[in-house]
Amino acid sequence: MGNSKKKKENIILHIDMDYFFAQIEERENPQFKGKPVVVGADPKEGKGRGVVSTCNYEARKFGIKSGMPISRAYKLCPQAIFLPVNMQLYKRVSRAVFQIAQKFSSKMERVSLDEAYIDLTGRVGSYKEARREGEDLRKIVFEKERLTCSIGVSKNKMMAKIACELAKPDGIRIITPVQAAKTIASMKVETIPGIGPKTRQFIEKKLKKKDPQIRDALVFSKSELADFFGKRGEEFYYKLRGIDKSPVEEKKEAKSVGKEHTFQKDTRDAKMIIKVFKRLVGDVHSQVKDKKINGLTVVCRYEDFETHTKQISFDAGKYTEEFLYKKSISLLLKFLTQSNKKIRLIGFRVKIA
DNA sequence: AAGTTCTTATTAC
DNA sequence: CTAACGGTAATAAGAACTT
């Protein structure tokens, strides 16, 4: 390759807003600053059923974390400020932030309300320059929105995200290509996107070692990983080595839309269940009424957390709410008939053609 | 036997 | 004293059913 088509060096930036929902609440309510703030379900004196969506660092000092049952968060810190999720507000702020980010490259992939990847390949010529860009972005976001964020820069999406994790909160971290593999070697295998608790447990069994590090998992060959984990296995082989070829691309249209509801108390009250279900169908229908759909799924979680689904397919087309309701209600009723257990959650989802 | 459809498991934010 | 646990979406794998 010693000619004119010298390959441009890939440079990817990952931006992640710090404790996003809670930080916005602090911004809107300065009197919260310095106090523990928890955004999520209503704790209801410790009897609430939801989870923590986001919390600030003061709340984390008490052991509270995202995804934790709100009842547990309440026990850990009953005096915290518990706030409901104000999604409208967070969406508006998210749009403002990423409008700023967009100016740094037209190639941007928003992963969620608070995270995005930006492809700087070709736009900047070096990691030194990329660092300056990142610092710039952080500065502008803070000046315009009074919110802090963290940024990671590296040779691919996965490494940029890991770099960002290391930068948190309110920081920036660059991992150059030569540093990549070595930097992640001592991290837990769950650092790799796609490796969650179940996959980790499987790896633990294979290695006869708990909390395996990435370096430990390097002993597996590509074909071994493929045997263990199928299609994902080959990906893991590369990711464990810091390699990730996935492109930065705009989020595509949703392939399905759904809604779920967890009851305050587990129930078999058909009136109530049907009433809620009807609302779910209506809400989903209003989101997709001008889209062609070709299937639907009904979800039921019983009191013991056992979760089942029933689905039907039909010809792609635009359907009325009544049609969707008629098609789905019979599936829902089967869940009531086929078990005497109380029901914890019901859900309704449609597949977009 | 191949092609859909249905169901569950896992992951991520 | 057991068990704390949302909502939304994607993807993969395998079973079940059709053709």
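Residue numbers start from 1 in every chain, and the chains themselves are labelled A, B, ... in the order their sequence lines are given, proteins ahead of strands. Computation of the quantities below employed the complete heavy-atom set of this structure, encompassing side-chain atoms and omitting hydrogens, waters and symmetry-equivalent molecules.
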Side chain of A:R49 - closest among C:dG7, C:dC5, B:dC13: C:dC5

For A:M108 and A:A101, work out which heavy atoms get closest and say how close. SD-CB, 3.9 Å

Between A:E133 and A:R123 (salt bridge meaning N to carboxylate O under 4.0 Å), is one present in this structure? yes

What nucleic acid atoms does A:T199 come within less than 4.0 Å of, heavy atoms only: base, sugar-phosphate, or nothing? sugar-phosphate

Between A:H14 and A:Y117, how do the two ring planes meet: parallel, tilted or perpendicular, split at 30° and 60°? tilted

If you look at every strand shown and take non-hydrogen atoms under 4.0 Å, does A:D304 touch a base, only sugar-phosphate, or nothing? nothing

Answer with base, sugar-phosphate or nothing: what part of the nucleic acid does A:K161 contact at a heavy-atom distance below 4.0 Å? sugar-phosphate

Earlier contact from the 5' end, DNA chain C, for A:K231 and A:K252: A:K252

So what does A:A254 hit on the nucleic acid, given a heavy-atom distance under 4.0 Å: a base, only sugar-phosphate, or nothing? sugar-phosphate

Stacked cation flag A:K341 on A:Y302, 6.0 angstrom / 45 deg: yes

From NZ of A:K310 across to P of C:dC17 the rounded distance in Å is 12 Å

How many Å lie between NZ on A:K157 and P on B:dC13, as a whole number? 12 Å

Answer yes or no: does a side-chain N or O of A:S313 lie under 4.0 Å from OP1 or OP2 of B:dT4? no

Counting only side-chain N and O atoms of A:H308, is one of them less than 4.0 Å from OP1 or OP2 of B:dT8? yes

Look at the side chain of A:K259 and decide which nucleotide, out of B:dT11, C:dT8, B:dT5, has an atom nearest to it. C:dT8

Looking only at side-chain N and O atoms, does A:S256 come under 4.0 Å of OP1 or OP2 in C:dA10? yes

Is there a donor-acceptor contact under 3.5 Å from the side chain of A:R49 to the main chain of A:Q264? yes

For A:L113, answer base if it contacts any base atom (sugar-phosphate contacts may also be present), sugar-phosphate if it contacts only those atoms, and nothing otherwise; contact means non-hydrogen atoms under 4.0 Å. nothing

Separation of C:dA10 P from A:R232 CZ (nearest whole Å): 18 Å

For A:F229 and A:R301, find the nucleotide of DNA chain C closest to each by heavy atoms; which residue's nucleotide sits nearer the 5' end? A:R301

Looking at every strand, decide which applies to A:V111 at a 4.0 Å heavy-atom threshold: base, sugar-phosphate, or nothing. nothing

Is it possible for you to check whether A:R241 lies under 6.0 Å from the centre of the six-membered ring of A:Y237, through NZ or CZ, and within 45° of that ring's axis? yes

How many Å lie between CZ on A:F305 and C1' on B:dT8, as a whole number? 16 Å

Please state the P separation for the pair C:dA4 and B:dA12 - nearest whole angstrom. 22 Å

Nearest-angstrom distance from the residue atom CD1 of A:I312 to P of B:dC6: 8 Å

Calculate the interatomic distance between A:R72 atom CZ and C:dA3 atom P; express it in whole Å. 14 Å

Select base, sugar-phosphate, or nothing to describe what A:K75 touches, counting heavy atoms under 4.0 Å on all strands. base

A:K198 side chain: which of C:dG7, C:dC5, B:dT11 is closest? B:dT11

Per atom distances to the A:E260 side chain, the nearest of C:dG7, B:dT10, C:dC5 is C:dG7

In terms of side-chain heavy atoms of A:S71, which of C:dA4, B:dT5, B:dT8 is nearest? C:dA4

Tell me, with the steps shown, if A:N56 and A:Q23 meet side-chain hydrogen bond (donor to acceptor under 3.5 Å, both in side chains). CA-CA 7 Å; A:N56 66 3; A:Q23 195 188 176; over 6 Å; no

Give the rounded distance in Å between these two atoms: NZ of A:K255 and P of C:dA12. 9 Å

Using a heavy-atom cut-off of 4.0 Å across all strands, would you classify A:L345 as base, sugar-phosphate, or nothing? sugar-phosphate

Pick base, sugar-phosphate or nothing for A:T309, based on heavy-atom distances below 4.0 Å to the nucleic acid. base

Separation of atom CZ in A:R200 from atom C1' in B:dT10, rounded to whole Å: 14 Å

